[in-house]
Participant: 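Got a structure for you, questions after.
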Amino acid sequence: MRLKQPIHPSRTIQQCLSQSQTRMAITRLAPTAMSVKRWQTTAQPEKTVEKKEYSNVTKKVVYGLARMLGYYSTGSTAIRASHDLYRICAEHSEANKDFFIEACNLPDNFQSWFSVTQLHVWMLMVRLRGEKNGKLYIQELVNRLFDDAEHKMRSHGITQQRMINSYIKDLLAQFHGGVVAYDEGMCKDDPVLAAALWR
């Protein structure tokens with residue numbers, strides 16, 4: 001029987017004992033040839049690896065090369081930041097999924113996921129519009145949304161690129177329409193924004 005969680009030095013004694021007692025109870029209930037293996041562990045002896053400190057010259061050379069190759073350029077920074085920003089939007093959509101399905105009566109499907117995630121992305125877009133390079137960050141954020149949408153389509157078994165492109169084109173039109181409607185609702189009054197949210 002392989003351990004799912006190897007014993008780690010930072011775990012408390014109580015955690016180790018409770019895991020050990022659980023394994024022993026399981027092997028007592030079903031004594032088989034696996035009970036002989038229960039003492040085998042995947043935990044490796046702890047090796048002490050010294051963290052290597054780099055000299056200041058090495059650090060300067062590496063940072064200089066990174067700057068020369070464009071790692072710190074506005075575009076590269078926007079791409080890296082957009083991954084984190086989109087991840088936060090996606091996490092909020094998933095964390096509140098029960099609310100949207102049960103309280104708001106949205107069906108549990110791809111279209112509902114896209115609408116809710118689009119709403120979170122739009123709220124972040126509104127915030128980014130006031131930033132110095134906001135357009136670049138917004139574009140990269142929208143790129144992450146559509147990358148995720150394509151990934152979800154492929155994970156649901158749609159493999160033909162022509163079909164995916166057709167769906168993405170429809171989603172893009174829906175996205176632009178939603179952004180315009182949300183912006184109009186934000187500029188006018190609450191009933192207009194509510195109508196945009198519930199359409």
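Along the sequence shown, the residues carry numbers beginning at 1. Note that this is a predicted model, so its numbers are computed, not measured.
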Participant: Is it the case that more than 12 heavy atoms not belonging to Arg127 sit under 6.0 Å from its CZ atom?
Facilitator: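 Counting other residues, nucleotides and ligands, CZ of Arg127 stays at 12 neighbours or fewer.
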Participant: Taking His151 for its side chain and Asp147 for its backbone only, find out whether a donor-acceptor pair lies under 3.5 Å.
Facilitator: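 Checking the backbone N and O of Asp147 against the side chain of His151, no donor-acceptor pair under 3.5 Å is found.
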Participant: Applying salt bridge (Lys or Arg N to Asp or Glu O under 4.0 Å), can you list everything that pairs with Asp84, at least two apart in sequence or on another chain?
Facilitator: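 By the salt bridge (Lys or Arg N to Asp or Glu O under 4.0 Å) rule, Asp84 matches Arg87.
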Participant: Write down the atom of Tyr137, the atom of Leu128, and the distance for their closest heavy-atom approach.
Facilitator: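 Shortest heavy-atom contact: CB-CD1, 4.0 Å.
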Participant: Once you round to the nearest 0.5 Å, how far does NZ of Lys135 lie from CG of Asn133?
Facilitator: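 It comes to 11.5 Å.
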Participant: Grouping I, L, V, M, F, W and Y whenever their side-chain heavy atoms are under 4.5 Å apart, do Tyr86 and Leu136 come out in a common cluster?
Facilitator: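 In one cluster with Tyr86: Leu136, no.
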Participant: Group every Ile, Leu, Val, Met, Phe, Trp and Tyr by side-chain heavy-atom contacts under 4.5 Å, then state whether Leu141 and Ile79 land in the same group.
Facilitator: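 In one cluster with Leu141: Ile79, no.
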Participant: Surrounding CG of Asp190 (heavy atoms of other residues, nucleotides or ligands, distance under 6.0 Å), is the total greater than 12?
Facilitator: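 Not buried by this count: 12 neighbours or fewer within 6.0 Å.
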Participant: More than 12 heavy atoms of other residues, nucleotides or ligands under 6.0 Å from CZ of Phe146: yes or no?
Facilitator: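 Check passes, neighbour count above 12.
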Participant: Is there a path from Met186 to Tyr182 through hydrophobic residues (I, L, V, M, F, W, Y) whose side chains come within less than 4.5 Å of each other?
Facilitator: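 Linked, Met186 and Tyr182 end up in one cluster.
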Participant: If I take atom CG from residue Leu85 and atom CD1 from residue Ile138, how far apart are they, to the nearest 0.5 angstrom?
Facilitator: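 The CD1 atom of Ile138 is 11.0 Å from CG of Leu85, to the nearest 0.5 Å.
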Participant: Looking at every heavy atom in both Glu102 and Asn105, which two are closest together, and how far apart are they?
Facilitator: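 Nearest pair, atom of Glu102 first, then Asn105: O-OD1, 3.2 Å.
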Participant: Nearest 0.5 Å, please: how far is CG in Leu65 from NZ in Lys60?
Facilitator: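 Answer for the NZ-CG pair, Lys60 versus Leu65, is 14.5 Å.
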Participant: Give, for atom CZ of Arg129 and atom CG of Asp183, the distance between the pair rounded to the nearest 0.5 Å.
Facilitator: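 Output value for this atom pair is 4.0 Å.
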Participant: Flag yes if Trp113 and Ile88 sit in one hydrophobic cluster, no otherwise; membership is Ile, Leu, Val, Met, Phe, Trp, Tyr, and two members link when side-chain heavy atoms are under 4.5 Å apart.
Facilitator: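 No, Trp113 does not connect to Ile88 through the hydrophobic network.
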Participant: Under a single-linkage rule joining Ile, Leu, Val, Met, Phe, Trp and Tyr whose side-chain heavy atoms are separated by less than 4.5 Å, which residues share a cluster with Val116?
Facilitator: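 Via sub-4.5 Å side-chain contacts, Val116 links to Phe99, Phe100, Leu106.
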Participant: Which pair of non-hydrogen atoms, one from Cys89 and one from His120, has the smallest distance, and what is that distance?
Facilitator: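 Scanning both residues, the minimum pair turns out to be SG-O, 3.8 Å.
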Participant: What pairs with Ala194 under side chain to side chain contact (heavy atoms under 4.5 Å, CB included), at least two apart in sequence or on another chain?
Facilitator: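 Expected list: none.
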Participant: Yes or no on side chain to side chain contact (heavy atoms under 4.5 Å, CB included) for Lys152 and Phe114, after CA distance, side-chain angles and deciding distance?
Facilitator: CA-CA 10 Å; Lys152 285 191 183 295; Phe114 185 79; over 6 Å; no
Participant: Compare every heavy atom of Lys97 with every heavy atom of Asp108, then report the nearest pair and how far apart it is.
Facilitator: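 Shortest heavy-atom contact: OD1-CE, 3.2 Å.
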Participant: CE/Met153 to CZ/Phe110 distance, rounded to the nearest 0.5 angstrom?
Facilitator: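 One gets 4.0 Å once the value is rounded to the nearest 0.5 Å.
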Participant: For Ser112 and Pro107, indicate whether the former's side chain and the latter's backbone hold a donor-acceptor pair under 3.5 Å.
Facilitator: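 Checking the backbone N and O of Pro107 against the side chain of Ser112, a donor-acceptor pair under 3.5 Å is found.
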Participant: Mind listing the side-chain donor-acceptor pairs of residues 162-181 below 3.5 Å, one per line with the distance, residues two or more places apart or on another chain?
Facilitator:
residue	atom	partner	partner atom	Å
Asn165	OD1	Gln161	NE2	2.9
Asn165	ND2	Gln161	O	3.4
Gln174	OE1	Gln111	NE2	3.0

Participant: Please identify each residue that fulfils side chain to side chain donor-acceptor pair (under 3.5 Å) with Ser76, with sequence neighbours left out.
Facilitator: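 Result, side chain to side chain donor-acceptor pair (under 3.5 Å) vs Ser76: Ser73.
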Participant: If hydrophobic clusters are built by linking Ile, Leu, Val, Met, Phe, Trp and Tyr wherever their side-chain heavy atoms come under 4.5 Å apart, do Met123 and Met125 end up in the same one?
Facilitator: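 Result: yes, single cluster for both.
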Participant: Remaining members of Val62's ILVMFWY cluster at a side-chain heavy-atom cut-off under 4.5 Å?
Facilitator: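 Other cluster members: none.
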